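Fair warning: this is a prediction, and the values are worked out from it, not measured in the lab.
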Amino acid sequence: MKRIAPTLLCALLPGLAAAAELRVEVELPRIEVSDYRRPYVAAWLERPDNSVAARLALWYDLRMRDDEGKTWLKDLRQWWRRIGRDITVPVDGMTSATRNPGTHALTFTSGSAPLGMLAAGEYRLVVEAAREHGGREVVSVPLQWPPTQASRLDADGERELGRIAVELIP
């Protein structure tokens with residue numbers, strides 16, 4: 001009976017079983033420099049008028065003495081102008097530590113934070129990276145929400161960001 005109950009529940013409540021998903025892969029390239037510092041990275045969804053629809057992630061150095069990591073958040077210039085100067089970090093569920101080079105996956109589901117009940121329409125996924133003693137880069141990927149069919153969108157950064165992959169699942 002215990003194994004049948006979740007299946008029966010999904011059949012009775014199709015809205016729960018059909019929650020749309022936004023999956024994001026962020027590639028941080030390995031940069032060969034003598035003083036490499038892991039980048040600060042922010043990801044958010046914005047509307048065509050540049051207003052913020054959802055704050056998705058912020059990776060920064062949480063362990064710096066005297067919260068000094070917060071002072072470097074201004075280097076994420078676009079994120080800072082749109083989001084950073086109006087919030088107090090850390091934000092539960094959004095902020096976490098910086099990441100090593102490699103590919104990092106994020107998954108968001110409609111109906112739960114941070115997407116919530118995102119209105120139907122056009123959006124841009126924006127990913128920004130800034131690195132101490134390094135550069136800064138912003139990559140955006142236009143998308144339509146909610147997805148009507150499964151799709152995958154890709155964009156490539158040039159230096160501070162690698163491939164940004166967005167998978168939309170209805």
Sub-4.5 Å side-chain heavy-atom contact between R23 and L168 | no
More than 12 heavy atoms from other groups under 6.0 Å of CZ on R77 | no
Verify same cluster id: L106, I169 (apolar side-chain graph, 4.5 Å) | no
L118 and A53: which non-hydrogen atoms are nearest, and at how many Å?
-> CD1-CB, 3.9 Å
Yes or no on side chain to side chain contact (heavy atoms under 4.5 Å, CB included) for I164 and E25, after CA distance, side-chain angles and deciding distance?
-> CA-CA 6 Å; I164 306 298; E25 290 180 3; over 6 Å; no
Search all heavy atoms of P147 against all heavy atoms of A20 and return the closest pair with its distance.
-> CD-CB, 3.9 Å
When you check the gap from the basic side-chain N to the acidic O, do R37 and D35 get nearer than 4.0 Å?
-> yes
Atom pair CZ (R55) and CG (L45), whose distance is rounded to the nearest 0.5 Å = 12.5 Å
Of all heavy-atom pairs linking P114 and A54, the shortest is O-CB, 3.8 Å
Nearest atoms (heavy-atom pairs only) where L161 meets V127 = CD1-O, 3.5 Å
Heavy-atom side-chain contact between L28 and H104 under 4.5 Å = yes
Hydrophobic cluster membership, V91 vs L73, 4.5 Å side-chain cutoff | yes
Does atom CG of D92 have more than 12 heavy-atom neighbours from other groups under 6.0 Å away?
-> no
Would L143 and V166 count as a side chain to side chain contact (heavy atoms under 4.5 Å, CB included) if you check the C-alpha gap in whole Å, the side-chain angles of each, and the deciding distance to 0.1 Å?
-> CA-CA 9 Å; L143 60 94; V166 177; 4.2 Å; yes
Roughly how far, to the nearest 0.5 Å, is the CG atom of L56 from the CG atom of L58?
-> 11.0 Å
Is there a donor-acceptor contact under 3.5 Å from the side chain of D61 to the main chain of R63?
-> yes
Between atom OH of Y60 and atom CZ of R38, what is the distance when rounded to the nearest 0.5 Å?
-> 14.0 Å
Under 3.5 Å: donor-acceptor pair, side chain of E160, backbone of G135 | yes
How long is the span from the CH2 atom in W72 to the OH atom in Y40, to the nearest 0.5 Å?
-> 8.0 Å
Output the distance between atom CD (E46) and atom CD (E122), rounded to the nearest 0.5 Å.
-> 12.5 Å
Sole residue of Q78, R124, R81 in side-chain hydrogen bond (donor to acceptor under 3.5 Å, both in side chains) with N50 = R124
Taking it one step at a time, do V126 and V138 satisfy side chain to side chain contact (heavy atoms under 4.5 Å, CB included)?
-> CA-CA 7 Å; V126 183; V138 179; 3.6 Å; yes
Backbone N or O of R47 within a donor-acceptor pair of the S51 side chain at under 3.5 Å?
-> no
Closest heavy-atom contact between V24 and V26?
-> CG1-CG2, 3.9 Å
Side chain to side chain contact (heavy atoms under 4.5 Å, CB included) between E128 and W44, intermediate numbers included | CA-CA 9 Å; E128 181 175 18; W44 68 96; 3.8 Å; yes
Gap between atom CG of L115 and atom CH2 of W145 - 0.5 Å precision | 5.5 Å
List the atom of Y36, the atom of P101, and the distance in Å for their closest heavy-atom pair.
-> OH-CG, 3.7 Å
Are V41 and L62 co-members of a hydrophobic cluster defined by side-chain heavy atoms under 4.5 Å apart?
-> no
Sub-3.5 Å donor-acceptor pair from the side chain of E137 to the main-chain atoms of A129, do we have one?
-> no
Is the closest side-chain heavy-atom distance between T148 and P170 below 4.5 Å?
-> no
Between the side chain of S96 and the main-chain N/O of W59, is any donor-acceptor distance below 3.5 Å?
-> no
Has the side chain of K70 got a donor or acceptor atom that lies under 3.5 Å from a matching backbone atom of V89?
-> yes
